Structures are given as structure tokens and as C-alpha cells.
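Notes for the one structure printed next.
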2 protein chains.
Amino acid sequence: MSGEDNLLRLVEGEEPDENGYHLQDQVGFILRKAHQRHVAIFASHIADLTPPQFAALAKLHDIGETSQNQLGTLIAMDAATVKGVIDRLKARGLVELSKHEVDKRRLLVNLTPEGREAIERLIPLARTITEETLAPLTAKEAATFLRLLAKLA
Amino acid sequence: MSGEDNLLRLVEGEEPDENGYHLQDQVGFILRKAHQRHVAIFASHIADLTPPQFAALAKLHDIGETSQNQLGTLIAMDAATVKGVIDRLKARGLVELSKHEVDKRRLLVNLTPEGREAIERLIPLARTITEETLAPLTAKEAATFLRLLAKLA
DNA sequence: GCAAATTCATTCGTATGCAAATGATATCAA
DNA sequence: TTGATATCATTTGCATACGAATGAATTTGC
């Protein structure tokens, strides 16, 4: 691979190196950027909660009290990650913890009244965030995208 | 009430029945899961490098020596993040740093011979990773998905 | 009924990822 | 020229994210 070849290709307007590896075309790299953009949009609408924290509250609102471990499974977080998220929500008074009466291994998590108020107030904003994230696509494209994305996830 | 119906309503901007908010239908949540899956696939093929580290090496291989800041822009990392990534690559002898002769603010980053050997050895694996990540989709679906994902990122 | 395997939670270590503040240098504009 | 701005890099603090190790409790298999 000589610089002379690259110069020639440049002058002739050809693609440099057909076998070249282009990071910006790789699904992983674009996926990472799309996720970054979504997180930024999320933060611009909901400043006092992160997406994982929101996910935990939303899921608790949906299903009610559950164990920390089960919650982690439902929101796709491993045990170490979910513990940190729940710890921070607990410190802010949005969730409360209790011990499972029968299975002493389990730590039950539930919304506090403040947590319930917060998530119900924020859900409309979450719909806005979804809309803004998908805004570069037409409605039809968005439907296609979500269908294919779900197949990948 | 199927998830598909909810997806359709979301895309069309209609309200789903009740106040039902389904986390698992939100683009941000699925995006996060798809990204997680990709990172896991990456790690199963390339154990000794993270995707951000790989991105830094691949971009340096593509464009040659550049400033730390410019590299960060090209691989979508802020200054604080790229510094950590480069520090770790430097500690492993895969990149080397030097000062810009004219602009004394800039820190130039370049591949070492070891870094070049590493990235050239790993690029074929990266193609495999991309294939495996997209495996749940047909070739046509994958092309559509990448086109729409790029519009979002 | 009991040993092995599994599950749940915690802790530690490492690695992104980003906001905000800081210092050094470079560029712009009056 | 110089004062205001902008850029580059670093540092600190906080929040995911996950592998690996550990301990406690439960379930399984025989």
C-alpha cells in the first residue's frame, strides 16, 4: 500500500482501497452513536433522572413490587448494575426496600408515593423523548426501524 | 392488545389504551439492549480490546497520526473519555504520543508498530462481529436497518 | 434427608461516558 | 497590540456496565 497509489486514487476520484475498513459504516459504531444521541435527548427533557433510573421506576410502576434481581432481568441490567441504580433511587426516596418474608435471599423493591408521583409525571415526557429520537425518520421508516431493531435486541 | 399494535400507535402518534407505558417498546430501551448485545458479541470475538479501544486504533490506522481531540471527534468520544482510552492503549504500547511542533496545545497520537499489527490482525474479526450482530436480519433487512440507523445517529 | 447445584445479593476492579471546572495556548477583533 | 474568545487537554465527580469472587439461602437430585 503506497502513498503514491492513494494519491492516484485521490486525483482520479476513486475510492481509496476497496478492502478498506470503514469504522463509520460498522453497525456497532453507529449503534453506539445512536444510543449516545438518544441519551442526550433524554437528558434534555428529563434532567434529574438517567435512562436506567427511569427504566427502573417505569417497570416498578408497571408491575409493582418485585425483587431487585427480577427487576434487573426485566430492565436488562446485571446484578451489580441494578444494585447501584436502586441504591441511588433509594437515597432519593423514590423506591423503598424490604425483605422477602419467605425467601430470605430476596430484596424487594417498590415505589414510594414520591416515586409513583415522579414516574407518572415523567411518562408523558418519555413519549416526547421517543418522538424526538425518531424524528429524523418518517412514520413508516420509524415503524420499520423499530421492528428491525427489536429483532436485533 | 399486542405489542405490535402498541408499536403502530406509537409510530402514528396515537395514545395507547389506558395510560399503559411499555418500556420494552420504547426506542431508547431497545437501542440500549441492541447495543449491549453487540458489545457482548464483540467481546466474544475480541477479548483483549474494548469497542472504543478498537475504534481508536481503527481510526488511527485509517487516517494516521492526529491530535487526541480530533481523534475523539472522529470516533464520537468527548475529551475526557478519549483521554482514558488513549492512556490505556499507550500503557499497552499500542499507541505513542508526541507534542505538536507548532500548536503546543495539541497532543499527537499515532499507532506503534505493535498497534498497527494488532489492528490489522483484528479487522477481519471485526467483520465477523458485524455479521454476527446483523445475523437476525436478512441481507435486505440489514441494509434497510443500517440506512435508518445512520439517519438516527 | 443431604450433598450438589442454583439463585440472590453484594463487593471489587476495570472501563466507558459526560458535565463542569481549570490551565495553557492560540486566534480573533477592535 | 491587546483584550476577549475559542480551542486543546486535563482533572474531578458521578453514573452506568460487566466479569469475577464471595457468602447466604434455596432448590434439586439421588
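Computed from a prediction, not measured in an experiment: that's the story for all the values here. Atoms considered below: every heavy atom in the structure, side chains included; atoms not considered: hydrogens, waters and symmetry mates.
Between the P atom of C:dA15 and the CE atom of B:Met77 lies a distance of 14 Å, rounded to the nearest Å. Taking atom CD of B:Gln68 as the reference point, atom C1' of D:dT11 lies 13 Å away to the nearest angstrom. Put simply, CG on B:Leu31 is 13 Å from P on C:dG17, counting in whole angstrom units. Put simply, CG on B:Leu107 is 11 Å from P on D:dT11, counting in whole angstrom units. Spacing between atom NZ of B:Lys33 and atom P of D:dC18 amounts to 12 Å, rounded to whole angstrom units. A:Gln36 places its CD atom 10 Å from the C1' atom of C:dC18, with the value rounded to the nearest Å.
A donor-acceptor pair under 3.5 Å is absent between the side-chain atoms of B:Gln70 and the main chain of B:Ser67, judged by distance alone. Put simply, the side chain of A:Gln36 gets close to the backbone of B:Ala76: a donor and an acceptor are under 3.5 Å apart. Side chain of B:Thr133 to main chain of B:His38: no donor-acceptor pair is present (N/O by atom type, distance under 3.5 Å, no hydrogens or angles).
Closest heavy-atom contact between B:Thr130 and A:Val27: CG2-CG1, 4.1 Å. Scanning both residues, B:Gln53 and B:Asp48, for their nearest heavy atoms gives OE1-O, 4.3 Å.
Side-chain proximity of B:Arg32 to the nucleotides D:dA9, C:dG17, D:dA17 is greatest for D:dA17.
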Can you check nucleotides 1-7 of chain D for protein contacts, nitrogen or oxygen pairs under 3.5 Å, and list what you find?
residue: D:dT7; atom: O2; partner: B:Arg105; partner atom: NH1; Å: 2.7

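Taking the ring centroids of A:Tyr21 and B:Phe54, they lie under the 6.0 Å cut-off.
Within 4.0 Å of A:Val109, counting heavy atoms only, lies no atom of the nucleic acid at all.
Taking for each of A:Ala76 and B:Ser67 the nucleotide of DNA chain D with the nearest heavy atom, the 5'-most of the two is the partner of B:Ser67. Nearest-nucleotide positions on DNA chain C for B:His35 and B:Asp103 put B:His35 closer to the 5' end.
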CA sep, side-chain torsions, deciding dist, call: A:Arg92, A:Glu114, salt bridge (Lys or Arg N to Asp or Glu O under 4.0 Å): CA-CA 9 Å; A:Arg92 293 173 54 180; A:Glu114 293 77 17; over 6 Å; no
Steps toward side-chain contact (heavy atoms from CB on, under 4.5 Å) verdict (B:Lys104, B:Lys99): CA-CA 7 Å; B:Lys104 295 178 182 175; B:Lys99 292 179 180 175; over 6 Å; no
Steps toward salt bridge (Lys or Arg N to Asp or Glu O under 4.0 Å) verdict (A:Arg127, A:Glu131): CA-CA 6 Å; A:Arg127 298 191 197 279; A:Glu131 282 177 24; over 6 Å; no
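Hydrophobic cluster membership differs between A:Ile119 and A:Ile63, with clusters built from Ile, Leu, Val, Met, Phe, Trp and Tyr side chains linked at under 4.5 angstrom.
Atom NZ of B:Lys90 has 12 or fewer neighbouring heavy atoms from other residues, nucleotides or ligands inside a 6.0 Å radius.
Contacts between residues 78-101 of chain B and DNA chain D, defined by a heavy-atom separation below 4.0 Å, involve B:Ala79, B:Ala80, B:Lys83, listed by number. DNA chain C lies under 4.0 Å from at least one heavy atom of each of the following residues of residues 42-53 of chain B: B:Thr50, B:Pro52, B:Gln53.
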